[in-house]
Structure formats: structure tokens, C-alpha cells
Enquirer: 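Next up is a structure, given as C-alpha cells.
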There are 2 protein chains.
Amino acid sequence: MKPTIYDVAKEAGVSISTVSKVMNNTGNISAETRKRIQETMKRLNYQPFVASVKKRMRTIGLLIPNIADPFMAEMARSIEDQGRKLGLSLMVCSTDNDLEKEVEYISMLQQKYIDGIIVATGLKRNKAIKALIDTEIPVVLLSRDVPSLAIDTVIVDDFFGAFEATSYLIKLGHKRIAMITEDIEFPSIECRFQGYKKALENAGLMYDEGLVSFNNISFDGGKKSALALLQSNKMPTAIFASTESLAIGTIQSAHELNVKIPEDLSVIGFDNTILATMCVPQLTTIAQPIEEMAQKAIELLIEEINTPKKVRQRVVLSPELIVRDSTGKAKQ
Amino acid sequence: MKPTIYDVAKEAGVSISTVSKVMNNTGNISAETRKRIQETMKRLNYQPFVASVKKRMRTIGLLIPNIADPFMAEMARSIEDQGRKLGLSLMVCSTDNDLEKEVEYISMLQQKYIDGIIVATGLKRNKAIKALIDTEIPVVLLSRDVPSLAIDTVIVDDFFGAFEATSYLIKLGHKRIAMITEDIEFPSIECRFQGYKKALENAGLMYDEGLVSFNNISFDGGKKSALALLQSNKMPTAIFASTESLAIGTIQSAHELNVKIPEDLSVIGFDNTILATMCVPQLTTIAQPIEEMAQKAIELLIEEINTPKKVRQRVVLSPELIVRDSTGKAKQ
DNA sequence: CTGAAAGCGCTAACAT
DNA sequence: ATGTTAGCGCTTTCAG
């Protein structure tokens, strides 16, 4: 049996409150007694139950679409590391952006006396997130923006990232620049689309609907979209993919059609996950500052836990262009 | 404030034990009372604290090297799904195979009254794992084999997988088959190495030390190893990489040297993660049955939780060859 | 069919 | 400097 505070107390010949005091460094305990108790705890490998009185599990929940997605996995890792430094564990909840799973997980987390929740999942039509706020569990939104709600939020400047990506392609001399994107379901995707349009506009290039392709499936969708674009009579010389998987799908399609990257086609992605360095050629991309995002999210969550009524913040971090081998000058 | 059982009882005009009984479906409760209580619980959005008396958090811990690694992320997702069906949450613990972090995480998990732990991390020199067993928390080893210990274990037949991979290359007519592998630190890697050797031997091919390259770093190591092999005067016509990242590194090096895959070089990997379908050309690989492994691991863990003294099992699952585009017939 | 009460492991106020 | 005790939210006998 797992030893309890009573076992330790009995072994050390003291009362349980004395043991409690040395554990929490409260009250006055003689150096001698403290030492004896500490030794006893070690000897019995005593591990106090974190949640017995305070009903706080020292754990945070992470609501994400899918832990198997590289971007989310890398984000989770950063969050885990930041949390561990503070003695917090990480509960991973993959929702597939499915409302039912979201609700189910939120309920599970409540029952487990989680200290706080980081939300990076869809939460369609705000229904689930309203339920979440009602629980009064501290929440921070990560990579998800719901401007109508006063919640701590950490996002990346998607508009700027897309603008930067497109502008870079323009600087390389490209004039026919396509965009392959996910369906515009979330504000972040919409922003990337707008950033693309704005960059074209600023450069005096005409926005061409026929050069934009929407997808509900990520990777395979990207392949198909790229295939169609590259076979059309107005083939683009550059493609901005709003997601890493979309970009990789594009690379595969180009390969199939014997379109050389970057000679015949430049490709630029978004996220900068492990995938970007693992493809051939390595992908030029807009990097999300994953580590900073994770750190800021945890920071806000901790503040919220400690000061429940504090003013809410909205933190916008800047993405950064990483130039690799999938982009090059436009042919004359 | 989060409502407690007392709030529900008061609202419904009954005692707390009656509420408890309807929650747990125990005792005899009139249909009427039950209904009234259930409605009250719903109205108050009552979420009982899971661990109050039984001291079980309905949560399992997953000790892995790194959640950001695609193979582990996919495994985590499968485990998460299997667990969710049973109302279990998943705590992710990335250890980097570092003894200190392992010990720290094990202690954290104990304090959180985890129901069980799935271990897929290094646990060097068994020190940490012995500590773990002493805790009496149910444990199952996943993708990690410590034959000297009587613990439930789920592994893949690494020897057979490597044997199959190598045999397939031989069947394609290859005679100079190299192997790029991680340092032999863990039994699974050793088995893959032996499987490779055995396949060569069975085919009457000479084992050549110069064709085997060990790496302590995964991806970049793979690149370097491949670079060296492909530039040597006895360049192989096929490479078996014991890991997906190693295989991808190999593909990149081949690309750099203008060695065509599969025309000039066949490459075969191990794991079958998302990376295998995302590279160009798509990777022929030995697939680990991730879903079955996860399912079996959870199954064994649940058994262990319910029947602490049951006989321990060692489950060995078969990997499977998935042929894609990175392998082809040897040139004459 | 329902309720009172003991007990789980621990903290925090209050004695001594 | 140490101990006693009430109480946290819940389950589980045991009475009624």
C-alpha cells in the first residue's frame, strides 16, 4: 500500500500536522524533527496526494485538434516543458474539432480538478467555449481567436505572415502567385487569405480567383489543388500554401508532373514544423514562434490561476520568414 | 463556485448519499427521485470530483521520449483514443530518455494518483523502472523490452521486420545492401540489426561491416551516414534505415548527390509514420501496427488495474511491409 | 427506498 | 515546537 501521511507520522513518532508542516514549509519545526521526518518520507518513498484538500491537480489540460499533427505535437511539447518547470502535468485532449468530443473532454477535465485549460481547438460556434467559461476554470486561447470574448489569447499575426510570404515571392519576381488554403472556417485562415490579397494589391498585381484553391482535407487536398493549378493553362510560377501539409502536398504534385522546385515553381509554407526540413527540397516557410507562444500561454494561464479577476490580455506574436530551398527567382 | 454533492442534495431535497447512489447506480432509488436528482445535476452542471474517495484519477500516464516525434505522437493519439472510450485521460510525459526527467515524472504521476502507466521511454539501466515497479502502480511496457522483468509488455517483432525489409530488397535483386541505424542502445535496435544480418546470411550474401553505419542523432545523422555511404567506392544499391527519420535523411542526401530514388538507390524505412507518405518519393517501409499496439497496451493495463496479481503477458505483434515508391529493382 | 455517519489523505486554524 | 481537530467532496456501510 501507498504510504499516507499517517504512516510517515507514526514512523517518525510525530503527529500528522507536523509532517504536513515540513512538507509545506509552514509553521515552526525544529531542524532535528524536520530532518527526521524528511528521512522517513524518503525511506517510505512517501508521495503525498496533490489534490486532497486544495482540490487542485497541478495539471493543465490541452485541447487541440490532434496530437498526431506535427504542429500541434511540437506545440504540446513546448507547453509540456514550460509546465513541468512549474510542477504541472499536461493532459492531452485531441478533439478532431468535433463538438461532441470537445464537450466530453471539457467535462472530463472539470471532474479532474484541472488547474487550467489551454484551448487550441476549433470550438465551433462558440458553444463549447461558452460552456467552458461557465466552469470558471482559467482558460487561455492559443492559436484561436474569438474577439467577441474577453479571454486571454495568444496568437500569431496570420495576416502579416501571409503578407510576408506573398511579398517575398513578389520580390523574387513572381507575378502569377497562387494560394492553396484550407477552407475558411477559422479567423486565422481568413487572415492569411487577406494577407495574401493585400500583398498582391500593394505590389499592383491583380487578384485572380482562379489562382486560389480551397480544401477541406489537408494533405491530399493540397495535392489535388496543386495538380489542378499546375495543369491549368495559366500555371502559377509560385504557390503560397497556408499550411505545412498543404505545401508538402504541393511539392509531391509538382514532382509527379515533373515540375522542378524551385526552378519552375516556388513553394512557400506556413508553420515551420519538422516537416519543413524533412522534405525535398527543404521548405521555405513562415515560422510560428512555437516556443514563445507556449511560454506566453502558460504565463497567462498561471496569472489567471493566481489572480482570477485580472485584466485579460490578447498577445499577438510575429511570425518569421525562413528561407530554405523551395523558393527561387522567377524565370524571365 | 463549482457545485458539490451537497448543493445537489439540497436543491433536490434529498441527502447526499442518495445523490451518490444515483451517480453510481447503486442501491435502490425510486425512479422519481432518480429523475429529480438527475435533472438537478444537469441544471447545476454538477461535475463530481473523480478522486475523492477511491483516490483514482481515471487517468493514465504515458512516458515517452518526445511527444514531438511523429511516431510517438501517433502512438499517443491511438492510446488517447483507446483510453477515452473508457473515460480515461492521458498525461503525456516526454523524458528525452533522460533518467532525471524519468524519475521526476514518475514521482509526479504517483502524487496524482494515476491509475496506470504506459512506458515507452528509455529507462536506462532499469533504475527508473525498478523505482516504478516499487510504486505498485500498474505498468505496461510499450515498444520497450526488459526481458528480465515480469511486466506486461507489448512490442513489435523488430527482428522479423528488419528481416522482411532486407529480404524484400534482396528479392528486388539488390546485393550491396547497407543499413543505417541508431546506436544500439536498446534491444529493439539490436534486433533490427540482427534481422538485417540474418536476411543477408539466408540469401548467401556476405555481411560487410563497411555497409553499416551507426548514429546517435537521428535525422542529421542519417543524412551524414547516407552521404558517406553514397560517396564511398563501394556504393550500395539499397539502404535499409532502421527509423523513419533516418530514411528521410537518406533521401535528402541522395537528392543532394543527384542519386535517383528508386532508379539508382532503393530506400526502405521502419515505423510508417506520416513522414513516410509526405516525402518524395513516398517511402517503402516496415509498418508498426500502432493502433493494435495501443489497444493491446491499454487492454493489458486495464486488466492489471482490475486484477493486480494476474499473470503477466508479453505480446509480440508483427510489423508489415508497405511498398511505396522508394524501392525498385536493382540495376543489372 | 432513504438518510446518518464513519472514513479516505490532507491542510489550516487553534490549542497546548 | 508540536498536537488536536474540523473540514474538504465523496463512497459506503448500516439503520430506519
Side-chain angles (χ1 to χ4, degrees), chain A residues 1-41 44-59 87 107-115 135-137, chain B residues 1-41 44-59 87 107-115 135-137:
Chain A
M1 267 306 284
K2 198 168 181 303
T4 73
I5 195 171
Y6 290 94
D7 301 317
V8 177
K10 190 183 291 174
E11 278 282 315
V14 295
S15 76
I16 58 162
S17 60
T18 307
V19 176
S20 175
K21 277 164 197 154
V22 345
M23 284 186 335
N24 300 288
N25 267 311
T26 57
N28 272 0
I29 307 291
S30 70
E32 200 186 356
T33 312
R34 150 165 293 121
K35 197 175 156 211
R36 185 155 37 89
I37 292 178
Q38 279 166 341
E39 271 162 9
T40 311
M41 294 197 299
L44 299 183
N45 185 29
Y46 170 63
Q47 304 281 355
F49 178 36
V50 279
S52 79
V53 168
K54 292 204 227 290
K55 302 278 178 294
R56 284 298 136 206
M57 281 302 297
R58 307 246 65 216
T59 297
S107 165
M108 278 174 75
L109 292 177
Q110 282 182 73
Q111 303 184 180
K112 283 162 191 178
Y113 282 59
I114 287 300
D115 297 67
T135 66
E136 295 177 29
I137 301 177
Chain B
M1 267 303 286
K2 200 170 180 298
T4 71
I5 195 171
Y6 289 94
D7 301 315
V8 177
K10 190 183 290 175
E11 278 283 312
V14 294
S15 76
I16 58 162
S17 57
T18 307
V19 176
S20 175
K21 275 164 197 153
V22 347
M23 285 188 332
N24 299 289
N25 267 311
T26 56
N28 274 0
I29 307 290
S30 71
E32 201 185 355
T33 311
R34 151 165 292 121
K35 200 176 153 211
R36 185 157 37 92
I37 292 177
Q38 279 166 340
E39 273 162 8
T40 311
M41 294 197 298
L44 300 183
N45 185 28
Y46 171 62
Q47 303 281 355
F49 179 37
V50 279
S52 77
V53 169
K54 290 207 228 296
K55 301 274 177 297
R56 284 299 138 208
M57 280 302 296
R58 307 247 63 215
T59 296
S107 165
M108 277 175 77
L109 292 177
Q110 282 182 75
Q111 301 184 187
K112 283 161 192 180
Y113 282 60
I114 288 299
D115 298 68
T135 67
E136 294 176 31
I137 300 177

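A, B, ... follow the sequence lines: proteins, then strands. Residue 1 opens every chain. This structure is a prediction, so every number in the text was calculated from the model and none was measured.
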Enquirer: What is the minimum heavy-atom distance between B/S107 and A/Q47, and which atoms define it?
Expert: OG-OE1, 3.1 Å

Enquirer: Find the distance between CD1 (A/I114) and OG1 (A/T135) and round it off to the nearest 0.5 Å.
Expert: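 These two atoms lie 11.0 Å from each other.
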
Enquirer: Could you give all pairs that pass the salt bridge (charged side-chain N to carboxylate O under 4.0 Å, His left out) test and reach residues 1-15 of chain B, with sequence neighbours left out?
Expert: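 Those involving residues 1-15 of chain B are B/E11-B/R43.
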
Enquirer: Could you please spell out the steps behind the side-chain contact (heavy atoms from CB on, under 4.5 Å) verdict for A/V50 and A/M57?
Expert: CA-CA 6 Å; A/V50 279; A/M57 281 302 297; 4.0 Å; yes

Enquirer: So what does A/T33 touch, heavy atoms closer than 4.0 Å: a base, only the sugar-phosphate, or nothing?
Expert: sugar-phosphate

Enquirer: Please confirm whether the backbone N or O of A/R58 pairs with a side-chain atom of A/D115, one donor and one acceptor, at under 3.5 Å?
Expert: yes

Enquirer: How many whole angstroms separate atom NZ of B/K2 from atom C1' of D/dG9?
Expert: 9 Å

Enquirer: Where do A/K112 and B/T59 land on the side-chain contact (heavy atoms from CB on, under 4.5 Å) test, with the steps shown first?
Expert: CA-CA 9 Å; A/K112 283 162 191 178; B/T59 296; 3.8 Å; yes

Enquirer: Determine, stepwise, if the pair B/N45 / A/Q110 fulfils side-chain contact (heavy atoms from CB on, under 4.5 Å).
Expert: CA-CA 10 Å; B/N45 185 28; A/Q110 282 182 73; 3.7 Å; yes

Enquirer: Find the distance B/N24:CG to D/dG9:P and express it as a whole number of Å.
Expert: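 Atom-to-atom, B/N24 to D/dG9, this comes out as 17 Å.
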
Enquirer: Considering heavy-atom distances to DNA chain C, does B/V14 or B/K55 have its closest nucleotide positioned more toward the 5' end?
Expert: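 In this pair, the answer is B/V14.
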
Enquirer: Name each donor-acceptor pair under 3.5 Å that joins a side chain in residues 16-23 of chain A to protein atoms two or more places apart or in another chain, with its distance.
Expert:
from	atom 1	to	atom 2	distance (Å)
A/S17	OG	A/S15	OG	3.1
A/T18	OG1	A/S15	OG	3.2
A/S20	OG	A/N24	ND2	3.4

Enquirer: Just how large is the angle between the end axes of the helix from C/dC1-D/dG16 to C/dT16-D/dA1, five pairs per end, to 10 degrees?
Expert: 40°

Enquirer: How many Å lie between CD on A/Q110 and P on D/dG9, as a whole number?
Expert: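 Those two atoms, CD and P, are 15 Å apart.
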
Enquirer: Given atom CD1 of B/I5 and atom C1' of D/dG7, what is their separation to the nearest angstrom?
Expert: 16 Å

Enquirer: Once rounded to the nearest 0.5 Å, what's the spacing between atom CG of B/L44 and atom OG1 of B/T4?
Expert: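 These two atoms lie 9.5 Å from each other.
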
Enquirer: Can you give me the N/O atom pairs linking the protein to nucleotides 4-6 of chain D at distances under 3.5 Å, or say none if there are none?
Expert:
from	atom 1	to	atom 2	distance (Å)
D/dT4	O4	A/S17	OG	3.1

Enquirer: Between B/S20 and D/dT11, is there a contact of a side-chain N or O with OP1 or OP2 at under 4.0 Å?
Expert: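 For D/dT11, OP1/OP2 do have a side-chain N/O of B/S20 under 4.0 Å.
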
Enquirer: If a pair satisfies salt bridge (charged side-chain N to carboxylate O under 4.0 Å, His left out) and one of its residues is in residues 28-37 of chain B, list it, with sequence neighbours excluded.
Expert: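 Sorted result for residues 28-37 of chain B: empty, none.
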
Enquirer: Please report, rounded to the nearest Å, how far the P atom of D/dC10 is from the NZ atom of B/K54.
Expert: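 Spelled out: NZ on B/K54 to P on D/dC10 is 13 Å.
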
Enquirer: Please report the distance, rounded to the nearest Å, between CZ in B/R56 and C1' in D/dG9.
Expert: 18 Å

Enquirer: Quick check for you: name the first and last nucleotides of DNA chain C, 5' to 3', having an atom under 4.0 Å from a heavy atom of chain B.
Expert: C/dC1 to C/dG9

Enquirer: Using atom CD1 of A/I37 as one end and atom C1' of D/dG3 as the other, report the distance to the nearest whole Å.
Expert: 12 Å

Enquirer: Starting from the 5' end of DNA chain C, give me the residue, B/S30 or A/Y6, whose nearest nucleotide shows up first.
Expert: B/S30

Enquirer: Between A/F49 and B/Y113, what is the ring plane arrangement, given parallel below 30°, perpendicular above 60°, and tilted in between?
Expert: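 Taking B/Y113 first and then A/F49, their aromatic rings sit tilted (interplane angle of 30° to 60°).
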
Enquirer: Whole angstroms only, please: what is the CG-P distance between B/N28 and D/dT13?
Expert: 15 Å

